[in-house]
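Chain identifiers are assigned alphabetically (A, B, ...) following the order of the sequence lines, protein sequences preceding nucleic acid strands; residue numbering begins at 1 within each chain. Since this is a predicted model, take the numbers as computed values, not measurements.
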Amino acid sequence: KQEVTQIPAALSVPEGENLVLNCSFTDSAIYNLQWFRQDPGKGLTSLLLIQSSQREQTSGRLNASLDKSSGRSTLYIAASQPGDSATYLCAVRRSSGTYKYIFGTGTRLKVLA
Amino acid sequence: NAGVTQTPKFQVLKTGQSMTLQCAQDMNHNSMYWYRQDPGMGLRLIYYSASEGTTDKGEVPNGYNVSRLNKREFSLRLESAAPSQTSVYFCASRDGEQYFGPGTRLTVT
């Protein structure tokens, strides 16, 4: 059974710091992995989608990498800003034969001004 | 472009009451999903619909039913609400990426 873990559960950093958020999964047979941010009381906003054949994806200050063999994805945020404060979640689609996604419980990020 | 919309935003039910949560998307996506989000448990899949006319159970389907009314709309029904169904409910649709609605906060007393 696929399990998705995000550690740490919470993180506080000063503004301007580069940071890495982690997402680990137990079954390497994944189809793709998606990163989201969630602001308090809001829905999820898609940040990046990485297909299983890709090693990384970039959007602005965000870079997501995928290493299937180690069961790990990282989300790199460059030059963090207070507006980046949110909960970041990853979700794994297990294989091409299923439409189901398994979510991690998220990392709550606070960027201090 | 509204994306994914959900109604209502908030709802309070008494144990045993029924209600339907509505979801609609205007992106012409085939796949739609219902999740619930509880503190410390992350998002868990209740039901999904790979395409119009099909629905399948997710991780936590007990106590819920769904209807894929047409390509745009996917509703979630609680026939007899229980306090354990107090949660935030999210609808999503997907092409490659998943797109989420704003959620419905449901309290069952």
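- Aromatic pair A:Y101/B:Y48: centroids not less than 6.0 angstrom apart.
- No path of Ile, Leu, Val, Met, Phe, Trp and Tyr side chains, each step under 4.5 Å between heavy atoms, connects B:L21 with B:Y35, placing them in separate hydrophobic clusters.
- Taking the side chain as every heavy atom from C-beta outward, B:F90 and A:Q38 approach each other to under 4.5 Å.
- Hydrophobic clustering (ILVMFWY, side-chain heavy atoms < 4.5 Å, transitive): B:Y47 and B:L106 are in one cluster.
- For the set B:A92, B:A50, B:G101, the count of heavy-atom pairs under 4.5 angstrom toward chain A peaks at B:A50.
- Placement of B:V88 and B:L78 in two distinct hydrophobic clusters is found when ILVMFWY residues are connected by side-chain heavy-atom separations under 4.5 Å, directly or transitively.
- Hydrophobic clustering, with ILVMFWY side chains joined whenever heavy atoms are under 4.5 angstrom apart, groups A:V111 together with A:Y88.
- Residues B:L43 and A:T105 form no side-chain contact, since every pair of their non-hydrogen atoms from C-beta on lies 4.5 Å or further apart.
- With a 4.5 Å cut-off on non-hydrogen atoms, B:E59 touches chain A through its side chain but not through its backbone.
- A:I102 and B:Y89 are not part of a single hydrophobic cluster, where members link through side-chain heavy atoms under 4.5 Å apart.
- In this structure, chain A has no heavy atom under 4.5 Å from any part of B:Y99.
- Side-chain rings of A:Y99 and B:Y33 stay apart, their centers remaining 6.0 Å or farther from each other.
- Checked by atom type and distance alone, the side chain of A:Q34 pairs as donor or acceptor with a backbone atom of B:Q98 at under 3.5 Å.
- Only the backbone of B:K57 has a heavy atom closer than 4.5 Å to any heavy atom of chain A.
- With a threshold of 4.5 angstrom between heavy atoms, A:L49 approaches chain B through side-chain atoms but not through N, CA, C or O.
- Enclosure of atom CZ in B:R44 by more than 12 non-hydrogen atoms of other residues, nucleotides or ligands within 6.0 angstrom is indicated.
- Between B:D56 and A:K100 there is no side-chain heavy-atom pair separated by less than 4.5 Å.
- Note that CD of B:E97 and CG of A:L48 are 8.0 Å apart. Values are rounded to the nearest 0.5 Å.
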